[in-house]
Every structure is written in C-alpha cells, then in structure tokens.
Asks: 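Structure incoming, see below.
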Number of protein chains: 2
Amino acid sequence: METRIDRIKKQLHAASYKLTPQREATVRILLDHEEDHLSAEDVYLLVKDIAPEIGLATVYRTLELLTELKIVDKINFGDGVSRYDLRQEGAAHFHHHLVCLECGAVDEIQEDLLEDVEAVVEKRWNFQIKDHRLTFHGICWRCHDLGADKPEKDA
Amino acid sequence: METRIDRIKKQLHAASYKLTPQREATVRILLDHEEDHLSAEDVYLLVKDIAPEIGLATVYRTLELLTELKIVDKINFGDGVSRYDLRQEGAAHFHHHLVCLECGAVDEIQEDLLEDVEAVVEKRWNFQIKDHRLTFHGICWRCHDLGADKPEKDA
DNA sequence: TTACTAGTTAAGAATGATTCTAAATAATAA
DNA sequence: TTATTATTTAGAATCATTCTTAACTAGTAA
C-alpha cells in the first residue's frame, strides 16, 4: 500500500527534489504530531531523537520547502514564532483555528466555513482568492465556567 | 470639539496611563497613516521627524500599550514583522485584509462578513468568540490581466 | 576507475525584529 | 522639600530565522 510518506516522496520528485534521510525524518515527526502546531525549534528537538546529526538550518530549509510545495501550512499566531502543520491531503484551503485566550489551547476547524463569504469578496472587491487564514480568539469549551460541553467531533 | 487624540488621552487616563509627548507623537503618526499598516520601524522613522529624541524601544512600548488598550490592532502577515493599525472607533472586531500575492498590496475590508460564520462556530464548537482575524490571499484587481475594475468603495 | 556536476548538508556566523537593562529624567505625593 | 513612581533613552541582549562556507553525496560521462 502506498503510504503518506510515499506520496510526499512523489510530490518532491515531481518538483525535482529528493526525499533525503533528513527530510524524511522531518516529515515523520510532522506525521506523528499532526495536530500539534509545532514550531521549527519543536520539530528540530523532536527530529534530533530519530536523526541526531540533523542541523537546525536543515529543519528550517525542509519546512520551507514543504511549505512551498503546499505539503505543510506555515501558521502564525502572533507570538513571534512560525508553526508548521501537515496539510490535509487534497485540501485546497487552509484550515481554521480557535485560540483560547484563557488557556492558550489551539483547536482546529477542518470545514470550510467561508464559501459564501468568499463569493461576496471575489465579486465585491474584484479579488481572486487563492487561500485564506481565519482565526478566532475567545474562550474555549474547557475554560467556560460551568456546564461546559465538549463540542461534537470535527466532521 | 473633542478630537480623536483627546479621546485616546481619556482612554489612557482611564487605565492610569499618561499621554506623554512621545506617546502623543506616536499616535499622531498613526492617525496620519491610518491605512498604511506601518511596522514598528516605520513608525519609529516617521515619529523621529516630529519628535527626534524618541527611542525605538519607546515606540515598541507605546505600540504595545495601545494594543493592550485596543486602540490599535497588531497584525501579522507572516513576513516576520508586526504591523500596527489604529482601530476604527467603536469597532468591536478586527477588520479583514486582502493580501495580493502578485504585488504585495494589502487592502482592507471594514465590514463584518463573519456574523453567520461566528454563530455557527459558537454553537458548534462551544467557543465564545471575542475577536477574529481573517485574511485572504490572492490576486487583487490591479493585477488582473485585463478589464480589471476598481471595486466599489468600502461601504 | 576518475572526474565532473548538481543538490544537499552541518556548523556557525550574520541578520533583523523585539525585548530587556540600567541609569537618567519627569511627574506626583507626602 | 523629600520620597516615590512612571517613563524615558541608549545600548546591550535575546530570539527566531536566514545566510555562508566548505564538506559530502549521488548520478553521470569519459
């Protein structure tokens, strides 16, 4: 069976890049931490466990390459650090985030909620949308005073 | 008549801060460049013209203070630099941005397009929204090949 | 084999944005 | 007045990120 790694390897080859051991180790870390919004430093520390000889600059270069190929999304929550997420396979758009002002948790929303809004923007501002970033800041269900319910699982 | 500066002075006083000459000069620069998305460095260079003795650290501190008081919005387009905009008076929410991938222009959308989306998110994810950030990336009307029309003015 | 080429790497230096430190100054209160 | 507190400047320090250099690797041709 073709694994996710195999498909990423193909994507690299299609763009004339190789899946070097360092790159593969980096991708494996990202696969093992799909929802964790790791910073470059985080990735570096984790990758060092499975490929101790790797350099921080290589991690940065690899993440940049993967971002260019749209295999990962580079995100920025305004804390001065870029974070990297593996993009959902086949997803045309970036997913959205819920950032809790209380506990700092970052939850993800996979659905595209913006279809209607995008139609308005494209028409009204004559702007051809390629991608979007949407983040909500507020209080998550865990931090509500009482009677907080866990939301239904992402559809 | 009460000016914008006067109102900002009151907001500072209400939070036990003073409108020092350096802070006033910084605010004046922001007022003169309302739609320009200035970086801290930009603000510093401009402010130096009207208050040459000011230090860069003071500009950073002032912008941080104004951000805390929600007088300015601190934004981040992912280029490693924070930018600062005076918030529309009375606006509860951040405005949105259209970032052109071609020419780098950043246009603003003042309307709140997200009322419906927010209602869904609050209910579905049990998340109490305080603010949001929405940015579209794409091709602006100026960069379209032909027949590009300037959009209607912001309502 | 040998050389040649292009891509990739590690290490550490360099950069650039931002924050911190220390000493000075200004405003305020007693 | 004195004491206290907030604010400032200048420059040092920090931190994330990028750049530079030289070494290394795989592939290819002779």
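In what follows, chains carry the letters A, B, and so on, assigned in the order in which the sequence lines appear, proteins first and then strands, with residues in each chain numbered from 1.
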Asks: Consider side-chain contact (heavy atoms from CB on, under 4.5 Å). Of Asp73(A), Thr67(A), Leu38(A), which one does Tyr84(A) pass it with?
Replies: Thr67(A)
Asks: Would you call the rings of His37(A) and His95(A) parallel, tilted or perpendicular, taking 30° and 60° as the class edges?
Replies: tilted
Asks: Expressed as a whole number of angstroms, how long is the span from His13(A):NE2 to dT8(C):C1'?
Replies: 13 Å
Asks: Please state how far atom OH in Tyr44(A) lies from atom P in dA16(D), giving the value in whole angstrom units.
Replies: 13 Å
Asks: Give me the atom names and distance for the closest heavy-atom approach of Leu19(B) to His13(B).
Replies: N-NE2, 4.3 Å
Asks: Nearest-Å distance, CG (Leu65(B)) to C1' (dT19(C))?
Replies: 16 Å
Asks: Checking all strands, does Gln22(B) fall into the base, sugar-phosphate, or nothing category for heavy-atom contacts under 4.0 angstrom?
Replies: sugar-phosphate
Asks: Arg61(B) side chain N/O closer than 4.0 Å to the phosphate oxygens (OP1, OP2) of dT8(D)?
Replies: yes
Asks: Taking for each residue the nucleotide of DNA chain C with the nearest heavy atom, is it Glu64(B) or Lys48(A) whose nucleotide lies nearer the 5' end?
Replies: Lys48(A)
Asks: Quick one: label Ser39(B) by what it contacts on the DNA or RNA (base, sugar-phosphate, nothing), any heavy atom closer than 4.0 Å.
Replies: nothing
Asks: Hey, can you tell me if Phe136(A) and His132(B) have their rings parallel, tilted or perpendicular (30° and 60° cut-offs)?
Replies: perpendicular
Asks: Have a look at Glu41(A) and say if it touches a base, only the backbone sugar-phosphate, or nothing, with a 4.0 Å heavy-atom cut-off.
Replies: nothing
Asks: Measuring from the side chain of Thr20(A) (C-beta onward, heavy atoms only), which nucleotide among dT17(D), dT8(D), dT9(C) has the closest atom?
Replies: dT9(C)
Asks: Nearest to the side chain of Lys18(B) - dT8(C), dT19(C), dT28(C)?
Replies: dT28(C)
Asks: Contact class for Leu56(A) (heavy atom, under 4.0 Å): base, sugar-phosphate, or nothing?
Replies: base
Asks: What's the spacing between Arg83(B) CZ and Phe77(B) CZ if we round to 0.5 Å?
Replies: 7.0 Å
Asks: Can you tell me the distance, in whole Å, between the CZ atom of Phe77(A) and the C1' atom of dA16(D)?
Replies: 17 Å
Asks: Ala57(A) has a side chain; which of dT9(C), dA16(D), dG12(C) sits nearest to it?
Replies: dG12(C)
Asks: OP1 or OP2 of dT8(C) sitting under 4.0 Å from any side-chain N/O of Arg23(A)?
Replies: yes
